Number of protein chains: 2
Amino acid sequence: MEEIDLPGLLHALSDPMRLEIVRSLFCAQQGGLSCKQIELPVSKATASHHFKVLREAGVIAQHDEGTRRISDLRSDDLERRFPGLLDSVLRAAQAEE
Amino acid sequence: MEEIDLPGLLHALSDPMRLEIVRSLFCAQQGGLSCKQIELPVSKATASHHFKVLREAGVIAQHDEGTRRISDLRSDDLERRFPGLLDSVLRAAQAEE
DNA sequence: TATGAAGTTAGACGCTCGTCAAACAAGTTC
DNA sequence: GAACTTGTTTGACGAGCGTCTAACTTCATA
């Protein structure tokens, strides 16, 4: 189990674009999503940057499938590290619209 | 009831100094604390800045008592807006040490 | 093998952030 | 009223962020 740091995690989640990524991955649940499947109103370079931030904060994991890079929410690891946190953030994101 | 925005809230909580302020206010519960009572390893100008960020994000409320400015956690408002969020962040901050 | 699709990297650009010292404001106390 | 305490504001500085375009890599397919 790695060291996920709380300020770093909250910072990763404090950007609307990244919150949208996390929300999409949560809805998709198993299987994950490729970067292209999550449509964001930014260039692909910027999108790639946001995925990197989420990965380095411990929020998502990525693996390659052919030419696609699939992202998965690390729900279990996050739940073990900070119980209830991801859930309440996702509920908050839902509540906020 | 005002508009507390989720990315703004998470950003306010994503700084170690501000997380420490929130943690202290939570421990104090009723009555609140003055800025001086929460000892931070920064100048008073910087501390004042962090209190301002928390206030503008909707995390704390402030009122004056003589020469002191008392800060209170807006637990109830936050609970109504984003149920469970503040609690899980506080538990996470506790868990992280 | 050449073309295309999906992402990453590098470099640049404004903007914001966290920090400080210095000056200021408001209340308290002698 | 003078000195002190508590906190805010202003202006500055360096670092980091979010964004883009352009060039590159890797895999797949025609």
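Letters A, B, ... are given to chains in the order of the sequence lines, protein chains preceding strands, and every chain is numbered from 1. What you see is a predicted model; the values in this text were computed from it and never measured.
- Between B/T46 and the phosphate of C/dC20, there is a side-chain N or O to OP1/OP2 separation shorter than 4.0 Å.
- When rounded to the nearest whole Å, the span between NE2 of A/H49 and P of C/dC13 equals 18 Å.
- Once rounded to the nearest 0.5 Å, the distance linking CD1 of B/I21 with CG of B/L19 reads 9.5 Å.
- Atom CG of A/L40 and atom P of C/dG7 are 11 Å apart (whole Å).
- Taking only side-chain nitrogens and oxygens, B/R69 never comes nearer than 4.0 Å to OP1 or OP2 of C/dG27.
- In terms of phosphate contacts, A/S48 brings no side-chain nitrogen or oxygen within less than 4.0 Å of OP1 or OP2 of C/dT9.
- The side chain of B/V42 approaches C/dC20 more closely than any other nucleotide in the set C/dC20, C/dT8, C/dC17.
- Using a 4.0 Å heavy-atom distance criterion, B/D64 is classed as making no nucleic acid contact.
- Nucleic acid contact class of A/K36 (heavy atoms, under 4.0 Å, all strands): sugar-phosphate only.
- In this structure, of C/dA5, C/dT8, C/dT9, it is C/dA5 that holds the atom nearest to the side chain of A/T67.
- Place A/E65 and A/D15 on DNA chain D by their nearest nucleotides, and A/D15 ends up nearer the 5' end.
- At whole-Å resolution of the value, CD in B/E56 and P in C/dC17 are 10 Å apart.
- Rounded to whole angstrom, the span from the CD atom of A/Q37 across to the P atom of C/dA5 amounts to 17 Å.
- Atom CD1 in A/I38 sits roughly 14 Å away from atom P in C/dA6 (whole-Å rounding).
- Atoms CD and OG, on A/Q37 and A/S24 in that order, are 10.0 Å from each other to the nearest 0.5 Å.
- When rounded to the nearest whole Å, the span between CD1 of A/I70 and C1' of C/dG7 equals 12 Å.
- In 5' to 3' order, the nucleotides of DNA chain D bounding all contacts with chain B (an atom under 4.0 Å from a heavy atom) are D/dT5 to D/dT9.
- Here A/E20 pairs with A/R23 in a salt bridge; the nearest charged N to carboxylate O distance falls below 4.0 Å.
- In this structure, CG in A/L86 is found 8.0 Å from CG in A/L9, a value given to the nearest 0.5 Å.
- One finds the CD atom of A/Q62 at 8.5 Å from the CG atom of A/L54 (value rounded to the nearest 0.5 Å).
- Straight-line distance from the CZ atom of A/F51 to the C1' atom of C/dT8: 13 Å, rounded to whole Å.
- Among the heavy atoms of the strands lying under 4.0 Å from A/H50 are primed sugar atoms or P, OP1, OP2 only; no base atom is included.
- With no hydrogens or angles considered, no side-chain donor-acceptor pair links B/S14 and A/S14 at under 3.5 Å.
- The line from CZ of B/R18 to NE2 of B/H11 is 5.0 Å long, rounded to the nearest 0.5 Å.
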